[in-house]
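Below is one structure, written out as structure tokens; comments come after it.
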Amino acid sequence: MRLSRAFVPTLRQVPADAEAVSHKLLVRAGFIRQLASGLYLFLPLGWRVMEKIHAIIRQEMQRIGAQEMFLTVLHPADLWQKTGRWYEIGDEMFRLKDRTGRQMCLGMTHEEVMAWLASREIKSYRDLPQIWYQIQTKLRDEARPKSGIMRTREFIMKDSYSFDMDEEGLERSYQLHIEAYNRIFTRCGLRYYQVESDPGMMGGATAHEFMAPSPAGEDDVAICDGCGYKANVELAKSIPEGLQPQQWEFEEVHTPDRRTVQEVSEFLGIEPKYFIKSLLYFTDSRPILVLIRGDQDLQERKLQRAVGGPVRAASRQEVEQTLGVEAGFIGPHEQQIELIADESLKEGVFVSGANRPHYHVKGLRPGVHFNPRWADLHVAKEGDRCIHCGSPLRIERVIEIGNIFKLGTKYSEPLKATFLDEQGRERLIIMGSYGIGPARVMAAAVEQCHDENGIIWPISIAPYEVMVLPLNMNHPETVETSESLYNRLLSEGFETIIDDRPERAGVKFKDADLIGIPLQVVVGEKALQEGHVEIKVRKTGERFRVSPEKVPERLRELRDNLMPPIKN
RNA sequence: CGGGGCGUAGCGCAGCCUGGAUAGCGCACCGGCCUUGGGAGCCGGGUGUCGGUGGUUCAAAUCCACUCGCCCCGACCA
């Protein structure tokens with residue numbers, strides 16, 4: 001490709017509405033443009049990166065026997081009504097009617113359609129197992145699109161679905177996907193973790209996420225370097241800092257105008273971890289008082305799982321109406337409503353609200369003064385102990401680049417996707433679903449691989465492998481050498497772009513670094529006089545002077561070194 | 001959905017508080033000269049519904065109301 005004729009609109013200035021590094025760099029380097037909130041166009045360079053990622057995904061999916069198909073974006077509503085998601089999902093689903101008034105929606109994901117297909121076409125155990133996938137546009141009316149292409153309303157997703165006869169089959173399909181995903185993300189040059197995740201509304205029991213560490217991410221994971229335990233903080237378990245035994249007798253203490261743990265802690269000279277925070281929540285059916293240690297935070301996801309449905313925090317007024325006491329002085333002692341407590345409160349003697357304005361109680365003992373239901377409810381924090389091996393946990397910010405779910409029969413049942421087994425009995429197909437967001441892979445790569453000058457693409461997903469820079473287009477020998485190098489590299493199979501614009505050297509250097517092609521071949525007058533050109537490795541900044549004839553050989557070597565450990 | 005911010009040339013911004021003459025700066029862009037190893041220099045060129053609508057006023061980019069769009073924090077995220 002010739003840059004002089006390519007559409008690569010680089011920007012010297014950072015767009016005002018970009019915050020995330022990947023967003024800024026991808027816009028500046030001419031890879032993407034924003035059409036509207038959460039809607040991005042992929043320009044030629046950006047689309048080449050996406051296609052590289054797609055190609056790697058295709059190769060690895062085929063490797064595990066998955067078959068690609070192409071479904072629709074427009075779905076009839078009744079499929080979603082059958083599985084109930086039509087009603088469960090709120091504004092995030094784009095809904096519309098066709099000209100005859102039939103309710104439709106735009107696909108956010110394709111479990112329904114895939115299960116529908118399976119229900120019609122798979123009849124016998126002989127048809128199983130199957131893994132079907134597609135690389136397709138999905139639409140979600142996100143409450144808050146953000147960080148460039150990291151969270152958009154229209155996006156491409158690789159989604160695959162496995163269909164098995166039984167749990168063992170599902171486990172096999174699940175493991176195949178883990179294998180494929182490890183190869184895909186490694187080949188894309190990412191640092192990533194596989195972590196336990198919350199199956200959430202997808203239904204089913206087991207789920208994992210593939211997470212690329214980056215400060216621009218939206219999730220946090222807890223990681224144990226001791227035993228390798230890794231989990232999304234939405235469900236990560238941890239053992240908080242221990243307590244010293246206390247001999248406090250049960251007593252009421254006057255705490256005028258001290259409401260928060262912080263205030264009462266300072267007032268009484270007792271550390272926050274000896275406090276019980278009482279938080280009033282409402283489930284669909286009832287109020288529930290949630291007890292958390294003073295130095296801990298409630299993980300609402302865990303609470304939702306524990307009570308088996310959505311929860312919401314009570315407002316100040318609701319606290320007074322329900323409990324008859326102002327928030328700040330409520331506690332578990334002599335409480336009438338249902339209690340649920342974090343397990344870190346099982347052992348110890350605590351301070352909490354007295355359910356009487358301006359008073360707290362000290363010497364509160366679980367099992368003696370209150371009897372809650374126990375559950376793991378606290379947020380795992382940096383430095384907490386691993387529940388498996390006791391090592392300290394660390395918390396890291398990550399971008400979710402892939403996820404895998406064991407669905408079971410959540411979709412096959414309502415859509416009647418069944419098969420006849422060897423005994424002629426009708427049984428439900430067991431499903432799994434597996435996603436990858438190629439645009440997030442792209443964004444994560446930029447987040448992980450860049451410097452102050454621009455992007456440094458992993459060579460496996462770079463839009464081009466080599467960029468030839470003729471520094472002075474008015475110098476015939478420079479042009480001649482560059483052109484012949486360009487043609488030679490192309491014929492030897494290098495994906496090459498030449499910056500043949502009549503620009504000054506500085507501009508070419510800046511753009512080359514910004515765009516981030518891994519290998520640069522710099523053709524300058526001075527070096528040419530001595531009979532060589534210069535190869536620059538974008539990632540390390542290394543420069544090698546080589547004679548033009550040796551360029552392909554040297555580049556091949558450098559390319560091999562830059563290539564991630566797994567190749568096709 | 002709650003909180004905050006922003007909308008003036010292709011991009012980045014000043015002007016607005018305290019209303020007034022032709023709306024300005026840098027970059028980009030177009031023509032010319034010059035230059036060619038890290039976003040050069042000189043000369044000439046403005047390409048604008050000041051997001052929109054309504055109002056106040058002799059007069060609105062500027063004040064008021066409504067509205068649309070975009071970003072950030074939180075909630076949500078199948």
Side-chain angles (χ1 to χ4, degrees), chain A residues 9-20 23-24 27-30 33-40 80 83-93 105 107-112 138-148 150-153 155 157 159 197-204 207 209 216 218-219 232 234 300-301 304 310-313 315 400 403 405 407 410-411 433 435 437 440 452-454 469-476 478-479 499 501-515 520 522-529 533-534 536 541 543 545:
Chain A
T10 58
L11 261 33
R12 194 189 295 216
Q13 265 157 331
V14 185
D17 55 6
E19 191 88 359
H23 188 191
K24 289 180 187 168
V27 171
R28 273 196 63 207
R33 285 293 184 265
Q34 182 179 34
L35 176 64
S37 179
L39 296 176
Y40 280 84
W80 291 76
T83 62
R85 290 162 108 190
W86 180 264
Y87 312 103
E88 287 164 27
I89 296 167
D91 293 337
E92 213 168 326
M93 181 186 268
C105 63
M108 311 175 62
T109 174
H110 284 73
E111 279 80 10
E112 276 79 0
K138 308 274 190 259
L139 291 118
R140 295 179 191 173
D141 196 356
E142 289 286 350
R144 183 146 105 80
K146 58 177 289 198
S147 306
M150 210 103 82
R151 183 168 213 85
T152 54
R153 296 191 293 175
F155 57 99
M157 184 169 162
D159 49 324
S197 73
D198 181 3
M201 300 298 246
M202 286 293 280
E209 287 161 333
E218 300 180 273
D219 287 285
N232 191 312
E234 289 172 1
E300 284 194 10
R301 286 293 185 115
Q304 287 189 6
V311 297
R312 70 175 177 88
S315 69
E400 181 187 347
N403 53 40
F405 296 93
L407 296 176
K410 174 164 169 134
Y411 299 93
S433 109
R440 285 193 176 182
E452 62 283 359
N453 296 313
L469 304 181
L471 292 188
N472 183 355
M473 293 300 287
N474 293 322
H475 185 243
T478 296
V479 175
D499 188 351
R501 297 173 303 172
E503 289 287 353
R504 296 169 55 86
V507 174
K508 296 193 180 192
F509 285 132
K510 289 289 183 193
D511 271 347
D513 286 350
L514 177 61
I515 290 167
Q520 299 174 6
V522 179
V523 183
E525 258 177 279
K526 289 173 194 163
L528 260 190
Q529 274 158 21
V533 300
E534 196 172 77
K536 177 182 158 188
R543 291 159 193 269
R545 302 193 121 203

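Protein chains get the first letters and strands the later ones, always in sequence-line order, with residue 1 at the start of each. Remember, predicted model here, so these are calculated numbers, not experimental data.
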Choose from B/G37, B/C70, B/A75 the nucleotide whose nearest atom is closest to any side-chain atom of A/A143. B/A75

Check whether any side-chain N or O of A/R440 sits under 3.5 Å from a backbone N or O of A/E400 as a donor-acceptor pair, and report yes or no. yes

Looking at B/C71, I'd like to know if its phosphate oxygens (OP1 or OP2) sit under 4.0 Å from a side-chain N or O belonging to A/Q34. yes

With hydrogens left out and only the distance checked, is there a donor-acceptor pair under 3.5 Å joining A/D511's side chain and the base of B/G39? yes

Answer yes or no: side-chain N or O of A/R12 and base N or O of B/G38 forming a donor-acceptor pair under 3.5 Å. no

Candidate nucleotides B/C71, B/G38, B/G37, ranked by approach to the side chain of A/K536 - the nearest: B/G38

Closest to the A/F509 side chain, choosing from B/G39, B/G38, B/C76: B/G38

So, applying side-chain contact (heavy atoms from CB on, under 4.5 Å) with A/Q34, which one of A/D17, A/L39, A/T152 is it? A/D17

With the side chain defined as heavy atoms from C-beta on, A/K510 is closest, among B/C70, B/C11, B/G38, to B/G38

Distance criterion of 3.5 Å, no angle test: do you see the side chain of A/N472 paired donor-to-acceptor with the base of B/G37? no

Partner nucleotide of B/U53 by Watson-Crick or wobble geometry (both distances under 3.5 Å): B/A65

Can you tell me, in whole Å, how much space there is between the P of B/G51 and that of B/A60? 15 Å

Quick check for you: among B/C71, B/G38, B/C11, whose closest atom lies nearest to any side-chain atom of A/Q13? B/C11

Kindly indicate whether the side chain of A/E525 and the base of B/G37 share any N or O donor-acceptor pair separated by less than 3.5 Å? no

Write down the distance separating the P atoms in B/G4 and B/G45, rounded off to the nearest Å. 47 Å

Of the listed B/G39, B/G12, B/A40, the closest approach to the A/R504 side chain comes from B/A40

Quick one: is A/K146 getting a side-chain N or O under 4.0 Å of the B/C73 phosphate, OP1 or OP2? yes

Among B/G12, B/C70, B/G38, which nucleotide has an atom closest to any side-chain atom of A/P15? B/G12

Any A/S37 side-chain N or O less than 4.0 Å from OP1/OP2 of B/C71: yes

Assess, by modelled atom type and distance only, whether the side chains of A/K138 and A/H110 contain a donor and an acceptor separated by less than 3.5 Å. yes

Let's see if you can work this out: which of B/A40, B/C13, B/G37 has an atom nearest to the side-chain heavy atoms of A/A16? B/C13

Ignoring hydrogens and angles, answer whether the base of B/G39 and the side-chain atoms of A/R28 contain a donor-acceptor pair closer than 3.5 Å. yes

